[in-house]
**Student:** 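Please find one structure pasted underneath; my questions will follow.
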Amino acid sequence: MNNWNLPVKEAVELQKQLSKKIVLKFSSRKINYIAGVDLGYDKKSELGFCSVVIFTFPDLDIFQIYNYHQEVLFPYIPGLLSFREGPIIIKIFEKIIPKPELIIFDGQGIAHQRKLGIASHMGLLLNIPSIGCAKSKLYGKYEEPASEKGSRSYLYDYKDNPIGVVLRTKDNVKPVFISPGHLIGINKSVEIIMKCVTKYRIPEPTRIADIQVAKYKEAILQN
DNA sequence: GCGACAG
DNA sequence: ATCTTGTCGC
């Protein structure tokens, strides 16, 4: 139903085209539900497992949990993560009703070589505001933020344009890399991520999705 | 040509 | 992501 299993050359070209459609402006009126997405894999069976956990916002109560798994053939190639995880994410979102007003992905948004990390690519296809929250850097340059919670510094591309923020979500922990996916800007992305951080380095949506996908994977692989 | 390199 | 025990620090 989409352009997925493409040759690398064509996938790269598609990213360049799609990145032109990314909108870095938040227009929605109010956010009632936020979703966190994460995936896990089983090398032996070539299966990819995906969990989407939907939270009320800003209370952050778990509202719904969705799980789905299918075969994954596209390899992990830095810069092309969405071609590996995209098919399963699009599939699981077909089941999600109602759609959340915002989605947080484990990975980059526009902080990407071609300005189309997985959060941007998925946000665009789903037409839902999205944010990328990665545990490490893929692309760009930055200065280390101070060690206190809330400290941040901009992440820039190699033409000095800001593409995201390196954010310290807790005291003395490694910072996370925040970048807008689609239909949202840098500052608003950081504001929302901070509202999703409670007791841990990783914001609740993706943190709980990670725990959920591990449980789901174990349950499926057992039978 | 040599590193860097989301999950 | 996954593999994989103990261990350092709050």
Side-chain angles (χ1 to χ4, degrees), chain A residues 4 8 11-12 15 18-19 22 35-53 67-90 92 103-124 130-142 144 147-149 155-158 163-182 186 189 193 198-203 205-218 220-221:
Chain A
W4 292 122
V8 170
V12 166
Q15 290 184 320
L18 294 180
S19 68
I22 294 300
V37 182
D38 196 36
L39 281 85
Y41 302 91
D42 177 55
K43 205 168 186 177
K44 182 70 177 178
S45 62
E46 306 251 36
L47 289 175
F49 301 81
C50 180
S51 289
V52 174
V53 181
N67 300 302
Y68 185 69
H69 65 100
Q70 67 176 29
E71 189 167 38
V72 172
L73 296 176
F74 200 94
Y76 168 68
I77 300 173
L80 295 179
L81 178 63
S82 62
F83 288 85
R84 176 172 171 78
E85 307 193 337
I88 189 166
I89 291 172
I90 293 303
I92 197 171
I103 308 170
I104 300 176
F105 289 92
D106 200 338
Q108 316 292 344
I110 62 169
H112 176 278
Q113 302 94 306
R114 291 169 291 280
K115 303 283 186 283
L116 197 83
I118 188 166
S120 296
H121 195 166
M122 297 301 105
L124 184 63
S130 59
I131 299 172
C133 177
K135 297 181 290 298
S136 62
K137 187 193 77 169
L138 167 66
Y139 176 86
K141 55 183 180 179
Y142 67 97
E144 195 70 20
S147 60
E148 296 76 40
K149 170 180 181 176
L155 177 63
Y156 300 92
D157 63 17
Y158 297 103
I163 54 177
V165 161
V166 184
L167 177 68
R168 196 83 67 178
T169 53
K170 304 292 290 186
D171 286 350
N172 308 311
V173 297
K174 287 173 47 180
V176 292
F177 296 74
I178 308 301
S179 59
H182 182 47
I186 292 179
S189 295
I193 289 297
T198 60
K199 201 170 183 288
Y200 308 88
R201 176 172 83 112
I202 305 301
T206 44
R207 190 181 76 83
I208 301 299
D210 179 76
I211 294 172
Q212 176 57 39
V213 77
K215 292 180 184 171
Y216 176 57
K217 173 183 167 182
E218 184 189 306
I220 294 297
L221 290 179

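Computed from a predicted model, the values in this text were never measured in an experiment. Proteins come first, then strands; the chains are lettered A, B, ... in the order of their sequence lines, and each starts at number 1.
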**Student:** Please work out if K170(A) contacts a base, only the sugar-phosphate, or nothing of the nucleic acid, heavy-atom cut-off 4.0 Å.
**Tutor:** nothing
**Student:** Give the B/S/- string for nucleotides 2-7 of chain B, one per nucleotide from 5' to 3', where a protein heavy atom under 4.0 Å of the base yields B, of only the sugar-phosphate yields S, and otherwise -.
**Tutor:** ---BBB
**Student:** Go along nucleotides 5-10 of chain C 5' to 3' and tag each nucleotide: B for a protein heavy atom under 4.0 Å from its base, S when only backbone or sugar atoms are that close, - otherwise.
**Tutor:** ------
**Student:** Which heavy-atom pair separates I163(A) from G140(A) by the least distance, and what is that distance?
**Tutor:** CD1-CA, 4.4 Å
**Student:** Decide yes or no on side-chain contact (heavy atoms from CB on, under 4.5 Å) for T206(A) and F105(A), but give the supporting numbers first.
**Tutor:** CA-CA 7 Å; T206(A) 44; F105(A) 289 92; 6.0 Å; no
**Student:** Return the minimal non-hydrogen interatomic distance between V165(A) and I186(A), and the atom names on each side.
**Tutor:** CG2-CG2, 3.6 Å
**Student:** Determine the stems involving DNA chain B; a stem requires 3 or more consecutive pairs of the Watson-Crick or G-U wobble kind, each with both distances below 3.5 Å, and the answer is none if no such run exists.
**Tutor:** none
**Student:** Could you pull out the closest heavy-atom pair between I193(A) and C133(A), with the gap in Å?
**Tutor:** CD1-CB, 4.3 Å
**Student:** Could you give the distance from NZ (K115(A)) to CG (D157(A)), rounded to the nearest 0.5 Å?
**Tutor:** 4.0 Å
**Student:** Of all heavy-atom pairs between A119(A) and S130(A), which one has the smallest distance, and what is that distance?
**Tutor:** O-OG, 2.7 Å
**Student:** Could you tell me if Y158(A) and Q113(A) have a donor-acceptor pair between their side chains, going purely by distance under 3.5 Å?
**Tutor:** no
**Student:** Would you name the heavy atoms of Y139(A) and L155(A) that are closest together and state the gap between them?
**Tutor:** O-CD2, 3.7 Å
**Student:** Counting heavy atoms not belonging to K141(A), are there more than 12 under 6.0 Å from its NZ?
**Tutor:** yes
**Student:** Indicate whether any N or O donor in one side chain lies under 3.5 Å from an N or O acceptor in the other, for D38(A) and S51(A).
**Tutor:** no
**Student:** Just N and O in the side chain of K44(A): are any of them under 4.0 Å from OP1 or OP2 of dT2(C)?
**Tutor:** no
